[in-house]
Participant: 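The structure follows.
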There are 4 protein chains.
Amino acid sequence: MVSINKTSSKPYYEQLMLSIKQEILQGVLVAGDKLPSVRELARDLMMNPNTISKAYKLLENEQVLITVKGKGTFVKKSDSTQRDDFRIQMLKGKLKDLFIEAGHLQVTHEELVEWIQESEEMWGMKNED
Amino acid sequence: MVSINKTSSKPYYEQLMLSIKQEILQGVLVAGDKLPSVRELARDLMMNPNTISKAYKLLENEQVLITVKGKGTFVKKSDSTQRDDFRIQMLKGKLKDLFIEAGHLQVTHEELVEWIQESEEMWGMKNED
Amino acid sequence: MVSINKTSSKPYYEQLMLSIKQEILQGVLVAGDKLPSVRELARDLMMNPNTISKAYKLLENEQVLITVKGKGTFVKKSDSTQRDDFRIQMLKGKLKDLFIEAGHLQVTHEELVEWIQESEEMWGMKNED
Amino acid sequence: MVSINKTSSKPYYEQLMLSIKQEILQGVLVAGDKLPSVRELARDLMMNPNTISKAYKLLENEQVLITVKGKGTFVKKSDSTQRDDFRIQMLKGKLKDLFIEAGHLQVTHEELVEWIQESEEMWGMKNED
DNA sequence: GTGGTCTAGACCACC
DNA sequence: GTGGTCTAGACCACG
């Protein structure tokens, strides 16, 4: 399922985090599902277990996964109680930068909005079950 | 005009690039305008000239600025004839990643679109070139 | 200042995190202060730089520190806007467990409250400047 | 009575120890009461007998339980004559760490004290032995 | 078997 | 000089 682009400049562990997050949004992974063990995934992706572990640990900090020593790592039930204002602010900042880049690439705002709608449809988001 | 946040974790040269690009989009800087010399800007912003130079060079590569030996660095007239498909693909990828993050931060697509509209209005963009 | 007990079962990086947090609460470290470089501290504490780095990184995730590549790691200005309910809940759980242990060690609730007051005075917390 | 949260990241054997200790403090279990056999409890909780055994053994070490060969495991009468200073020091250390965390989560000392009082009332502690 | 911690050492990006 | 990423391999704790 998940795959890593070893020629990208984006760190492996970030790619992995995004890949897992995407599968959760798509409903491929749901709350309670067990992720591959760090060793197993490391073998499959031909990476060092430490790198996998780093990704899992960071997703645990973000409350996306939960890991139990000796048992494995699992998708956590999202407690949609609280929004993380700090990270949302970061996100907004990134969108602004992206917006500036778009302007210089002659990408119109309408196109940006279109892209967002595309993503929404293309993935068949299963966010509400 | 341009300013650098020395406590941000974003590299100085990237901040500078974005800052210049933003001013161009806002119409503060227009095609043909002369930018401050590397030394001058380095002094004003209390930064290493190498860092300024790096930002200018990268913006030359992106066809945003143009340097004339012995004269200075200038805002280039954007040739709207061709769009850089490669970089647009990059941008689209970044937007997709941002979209995934948004999903996990419980930011709805509507909010994202709103943010884009906000930026548009707030700046009074003048990119009708 | 900071010191590590190499015979404790508590991980080095956690000890370091607590040590730094304590110094911030005590006012020994204040917003904007530069922490020792990972290499420097690693040398002083006779530890591997990776371990120091891990502690710094985690404190960055907790928004206690901020690090700028090429410059160093600094104490962050605490934005007291938002309380992290999730982590507060964790803390409350730990206090409950501690409370049970106390009961079995014949430590009364009054003693517990006393200990808290002690800490408060002993350190001369500088939380409000 | 005792129950285990299989999705918690706290080790099973620690959860079990705390659960038993809590029931003793609440008076649900009193000195002389017989605990379920290792095998029986393992079956009821769907856990590995080794894990139960480990918890019982550690509670024996802490002088909370006592095992009589061929008869079973029983709640021990607490000898309130001497307090275990070493473990009390440990406890005090943990409270100090917890206190530091509280400070960084903007939890006031008053709140901490409140939480202690809450626990006290909620359980109707019966530790007048 | 699972994940967690720590070390050692290489290479890269930023200033 | 600074921190960041990744690999390799050792040892420990949990079930």
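Computed from a prediction, not measured in an experiment: that's the story for all the values here.
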Participant: Mind checking what makes salt bridge (Lys or Arg N to Asp or Glu O under 4.0 Å) contact with C/R87, not counting sequence neighbours?
Facilitator: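 Once residues adjacent in sequence are excluded, the partners of C/R87 under the salt bridge (Lys or Arg N to Asp or Glu O under 4.0 Å) criterion are C/E62.
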
Participant: Using the rule given for side chain to side chain contact (heavy atoms under 4.5 Å, CB included), can you reason through D/Y12 versus D/N48, listing the C-alpha separation, both sets of side-chain angles and the distance that settles it, and then say yes or no?
Facilitator: CA-CA 10 Å; D/Y12 294 171; D/N48 189 314; over 6 Å; no

Participant: Decide yes or no, distance alone: a donor-acceptor N/O pair under 3.5 angstrom between the base of F/dG1 and the side-chain of C/R39.
Facilitator: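 Counting by modelled atom types and ignoring angles, no donor-acceptor contact under 3.5 Å is found here.
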
Participant: Please collect all salt bridge (charged side-chain N to carboxylate O under 4.0 Å, His left out) contacts where either partner lies in residues 10-20 of chain B, sequence neighbours excluded, each pair once.
Facilitator: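 Residue pairs with at least one partner in residues 10-20 of chain B: A/D97-B/K10.
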
Participant: Any side-chain N or O of C/T51 less than 4.0 Å from the OP1 or OP2 oxygen of E/dT5?
Facilitator: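 Answer is no, no contact under 4.0 Å.
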
Participant: Are there runs of at least three consecutive Watson-Crick or G-U pairs touching DNA chain F, with each pair's two distances under 3.5 angstrom? Give them by first number.
Facilitator: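 Counting only runs of 3 or more consecutive pairs, the stems involving DNA chain F are E:1-14 with F:1-14.
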
Participant: According to salt bridge (Lys or Arg N to Asp or Glu O under 4.0 Å), who are the partners of D/E23, at least two apart in sequence or on a separate chain?
Facilitator: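 Residues passing salt bridge (Lys or Arg N to Asp or Glu O under 4.0 Å) with D/E23: none at all.
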
Participant: For C/I24 versus C/V75, what's the shortest heavy-atom pair and its separation?
Facilitator: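 Looking at all heavy atoms of both residues, the shortest contact is CD1-CG1, 4.0 Å.
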
Participant: Please report the closest heavy-atom contact between C/S19 and C/S3, naming both atoms and the distance.
Facilitator: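 Scanning both residues, the minimum pair turns out to be OG-N, 4.1 Å.
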
Participant: Which atoms form the tightest heavy-atom contact between D/Y56 and D/I20, and what is the distance?
Facilitator: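 Shortest heavy-atom separation between D/Y56 and D/I20 comes out as CE1-CD1, 3.9 Å.
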
Participant: Find the distance A/I52:CD1 to E/dT2:P and express it as a whole number of Å.
Facilitator: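 The answer, rounded to whole Å, is 13 Å.
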
Participant: Rounded to the nearest Å, what distance is computed from the CG atom of residue A/N48 to the P atom of nucleotide E/dA10?
Facilitator: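 These atoms are roughly 16 Å apart.
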
Participant: Closest approach of B/I100 and A/L25, non-hydrogen atoms and distance?
Facilitator: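 B/I100 and A/L25 have their closest heavy atoms at O-CD1, 3.6 Å.
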
Participant: Please report, rounded to the nearest Å, how far the P atom of E/dC15 is from the CE atom of B/M47.
Facilitator: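 From B/M47 CE to E/dC15 P: 7 Å.
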
Participant: Indicate the atoms forming the closest heavy-atom contact of D/Q15 with D/N5, along with that distance.
Facilitator: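 Closest pair (atom of D/Q15, atom of D/N5, distance): OE1-N, 2.9 Å.
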
Participant: Would you jot down, in residue-number order, the residues of residues 5-19 of chain A having a non-hydrogen atom under 4.0 Å from DNA chain F?
Facilitator: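 Residues of residues 5-19 of chain A that come under 4.0 Å of DNA chain F are, in numerical order, A/P11, A/Y12, A/Y13.
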
Participant: Using whole Å, report how far CG of A/L45 lies from C1' of F/dC6.
Facilitator: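 Answer to the nearest Å: 14 Å.
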
Participant: Mind listing the closest non-hydrogen atom pair of C/V2 and C/L45 along with its distance?
Facilitator: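 Minimum heavy-atom separation between C/V2 and C/L45: O-CD2, 3.9 Å.
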
Participant: Side chain of A/H104, backbone of B/K21: donor and acceptor closer than 3.5 Å?
Facilitator: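 Checked: pair present.
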
Participant: Answer with base, sugar-phosphate or nothing: what part of the nucleic acid does A/N50 contact at a heavy-atom distance below 4.0 Å?
Facilitator: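 Base contact.
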
Participant: Within residues 53-78 of chain C, which residues have any heavy atom lying less than 4.0 Å from an atom of DNA chain E?
Facilitator: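 Contacts with DNA chain E under 4.0 Å: C/K54, C/K69, C/G70, C/K71.
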
Participant: To the nearest angstrom, how far is A/R43 atom CZ from F/dT7 atom P?
Facilitator: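 Rounding to the nearest Å, CZ of A/R43 and P of F/dT7 are 16 Å apart.
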
